[in-house]
Amino acid sequence: MTFDVSDRVDAVPPSGIRRFFELAEEQDDIISLGVGEPDFSAPWAARDAAIASLEQGKTSYTANRGRRELREQIADHVDRRYDLQYDPDEEILVTAGASEGIDLAYRALVDPGDTVAVQQPCYVSYVPGVIFAGGDVLPVRTHVEDEFKLTYEGLQESGAADAEVLVLCYPNNPTGATMTGDELEEVAEFAREHDLVVFSDEIYADLTYEHDHTSIATLPGMRERTVVFNGFSKAYAMTGLRLGYVLAPPEATTAMNRIHQYTMLSAPTTAQYAAIEALESCDDAVAEMKTQYDRRRQFVLSRFSEMGIDCFPAGGAFYAFPECPWDDADAFAEQLIEEQSVAVVPGSAFGEGGEGHLRVSYATGLDELKEAMARIEQFVK
Ligand code: PLP
C-alpha cells in the first residue's frame, strides 16, 4: 500500500537549505557558514540549572502555559527591556521553541482562505506554516535598496491592505536587517489603518549591533494587535533545548494554548529550568557572545568589501546577505562547496527577493571565518 499524503503537505516543497547541508556533508574539511545556530553552548549557569533539575527528579509535565516562575521571569524581562507589560497568567505561553509558537499562531488565528502577508525574503518556516493552516500567502518583498526594511509603500503596493495578518521578523533571518522604532512606526501605521494582526518574530532581539531592538508591540495601538515570538535558542545558545515563548493578548494566547494543551501538553521541563536561570543570571554571558558576533560581523563585512562584493551593512542576528558575484547564486553555492569546501546558502531558499544573494552565517569561530573568507576570495578571483 502507499500512503496518500495530504494536499497541504504535498503543496510544500522540502526546505531549500537542507540540500546544501547534504552536499556539505559529503565534503571533507568543510567550513559551514550555512547553519543558523550559535557555535557557542548554553551558558554554564543555565546548563547547571538543567542538570540540577534532573538530579532533583523534576521530570514531570509543567502547567500547559509553562512554569509560573518562568512566565513571571519572562514578564519581568520584557517589562525591563521594553517597558511592555504582559500578564504571566493570561498573556504568556511557553512553547517548544519559537517554532511551535509560530505554528500555533497560524493554526489558532488563521482561517482557511485568510490572507497572510509574509515579508520576503524570510525565515523558511513562515510560508509552509501558512499553507499547513490553510491560509493564502501574500508575499511582501523587501529590497536591498531599502536595506530590507518593510515600508508603508511596499506594503501598499503588495496588496497587504487586504490581508488579515502580517508576518515580519526583525532582526531578520536571512538578511540581518534591523528596523528602528521610527522606521517600524510606518509599518505600525499601515497595520492600524488596515486592521492587520501582526505576527512579530523577535527571536534575534538581543542580537543587534547598531541600535537597540524595538518591539513593534511597543508602538501606539500595536500591543493589542501583535503576537510576539521570542525564545532562548539564539541569544542564549539553547537551540537544542527547544524553548520559546509567545506574548499576546489573552484571547490569542488562550486560543494557542487550546492547541498546545492537546498537541504538546507543555514545553520541555528541563529546558524551562535552564531558561529560568538564563533570565536570572546570564545577561553577561549573552553580552559576551554578542561582542563576539559583532567582531565577526565587522570582519565578514570588511572582507566582502575588500573582495568588491556588495553587502549591505547587516546590523542584527548573525547573518550577512551579500550580493552573489554570479547571476546564478545556486550554482555559485554548489560550486563553492565542491571547490573550496565552504558552505553558504543561496538567498533563493528564503523566498522572493532572496535570489542573487547568499546567506553567510557568522555564528562560527573567527579562525574558521578567516579561513572561509580566504577560500571565498580565492574562489571569486
Ligand atoms: N525564527 C527565526 C527567524 C529563526 O531564524 C529561527 C531559527 O533559525 C527560529 C525562529 C526557530 O527558533 P526556535 O529554535 O526557537 O524554534
Side-chain angles (χ1 to χ4, degrees), residues 37-38 42-43 45-54 56 58-82 84-109 123 125 129 169 199-206 215 217 223 226-283 286:
E37 67 176 328
R47 283 189 261 168
D48 277 340
I51 293 164
S53 76
L54 288 171
Q56 290 158 22
K58 293 177 174 162
T59 54
S60 314
Y61 298 126
T62 68
N64 294 136
R65 279 177 180 266
R67 280 183 63 78
R68 191 161 199 292
E69 188 187 357
L70 174 57
R71 282 180 280 130
E72 282 169 11
Q73 290 260 11
I74 292 168
D76 283 352
H77 173 79
V78 174
D79 189 3
R80 257 185 288 122
R81 200 56 70 87
Y82 307 110
L84 265 175
Q85 289 76 39
Y86 286 93
D87 179 344
D89 291 324
E90 302 215 309
E91 299 184 308
I92 297 177
L93 178 63
V94 177
T95 51
S99 301
E100 193 212 352
I102 296 164
D103 179 53
L104 291 176
Y106 284 144
R107 288 196 287 150
L109 305 172
Y123 177 50
S125 84
C169 173
F199 289 178
S200 181
D201 183 348
E202 302 184 16
I203 188 88
Y204 295 101
D206 288 330
S215 172
R223 184 191 181 286
T226 303
V227 179
V228 177
F229 309 101
N230 207 327
F232 296 85
S233 284
K234 310 294 175 171
Y236 296 94
M238 282 170 43
T239 46
L241 296 188
R242 310 306 305 127
L243 205 70
Y245 55 89
V246 176
L247 309 170
E251 59 281 14
T253 59
T254 301
M256 286 182 242
N257 190 30
R258 184 88 51 84
I259 300 175
H260 174 80
Q261 69 190 184
Y262 287 120
T263 56
M264 190 64 67
L265 281 82
S266 58
T269 301
T270 312
Q272 292 191 46
Y273 284 100
I276 290 167
E277 185 62 35
L279 287 174
E280 215 162 73
S281 74
C282 295
D283 283 1
V286 171

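The residues of the chain are indexed from 1 along the displayed sequence.
The two atoms that bring Ala235 and Val286 nearest to each other are O-CG2, 3.6 Å, heavy atoms only. Closest non-hydrogen pair, Ala267 versus Gln272, comes out as O-NE2, 3.0 Å. Contact detail for Leu84 and Ala217: the closest heavy-atom pair is CD2-O, 3.7 Å. Taking every heavy atom of both residues into account, Ala105 and Phe229 meet most closely at CB-CZ, 3.6 Å. In this structure, Glu91 and Gln85 approach most closely via the heavy-atom pair OE1-O, 4.1 Å. Heavy-atom minimum distance, Met238 versus Ala274: CE-CB, 4.0 Å.
Geometrically, Arg71 does not engage Tyr86 in a cation-pi contact defined by less than 6.0 Å to the ring centre and at most 45° from the axis.
In this structure, the separation between CG on Asp206 and NZ on Lys234 is 13.0 Å, given to the nearest 0.5 Å. We find the CD-CG distance between Glu251 and Leu109 to be 9.0 Å, quoted to the nearest 0.5 Å. Note that the OH atom of Tyr123 and the CD1 atom of Ile203 stand 8.5 Å from one another [nearest 0.5 Å]. Atom CG in Leu54 sits 9.5 Å away from atom OG1 in Thr269 (nearest 0.5 Å). A distance of 7.5 Å separates OG in Ser215 from CG in Leu247, rounded to the nearest 0.5 Å. Considering CG of Asn257 and OG1 of Thr95, their distance stands at 11.0 Å, rounded to 0.5 Å.
Electrostatic pairing of Arg81 and Glu202 does not count as a salt bridge here, judged by no charged N lying under 4.0 Å from a carboxylate O. With salt bridges taken as basic N to acidic carboxylate O contacts below 4.0 Å, one links Arg107 and Asp103.
Not a single donor-acceptor pair under 3.5 Å links the side chain of His260 to the backbone N or O of Leu104. The main-chain N or O of Val228 is never found under 3.5 Å from a side-chain atom of Thr226 such that the two would form a donor-acceptor pair. Using modelled atom types, no side-chain atom of Arg67 and backbone atom of Val94 make a donor-acceptor pair closer than 3.5 Å. With hydrogens and angles disregarded, no donor-acceptor distance shorter than 3.5 Å links the side chain of Glu277 to the backbone of Ala49. Between the side chain of Ser266 and the main chain of Thr62, a donor-acceptor pair closer than 3.5 Å is present.
Taking the six-membered ring where the residue is Trp, Tyr106 and Phe199 present tilted rings, their angle falling between 30° and 60°.
A donor and an acceptor atom, one from each side chain of Arg65 and Thr253, are located under 3.5 Å apart.
Considering only heavy atoms from C-beta on, Val246 comes within 4.5 Å of Val227 through its side chain. Within the 4.5 Å cutoff, the side chain of His77 has heavy atoms near those of the Tyr245 side chain. In this structure, the side chains of Ile74 and Pro88 stay at 4.5 Å or more apart for every pair of heavy atoms. Between Thr239 and Pro38 there is a side-chain heavy-atom pair separated by less than 4.5 Å.
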Open item on the list: Walk me through whether Leu70 and Leu243 qualify under side-chain contact (heavy atoms from CB on, under 4.5 Å).
Closed with: CA-CA 11 Å; Leu70 174 57; Leu243 205 70; 4.0 Å; yes
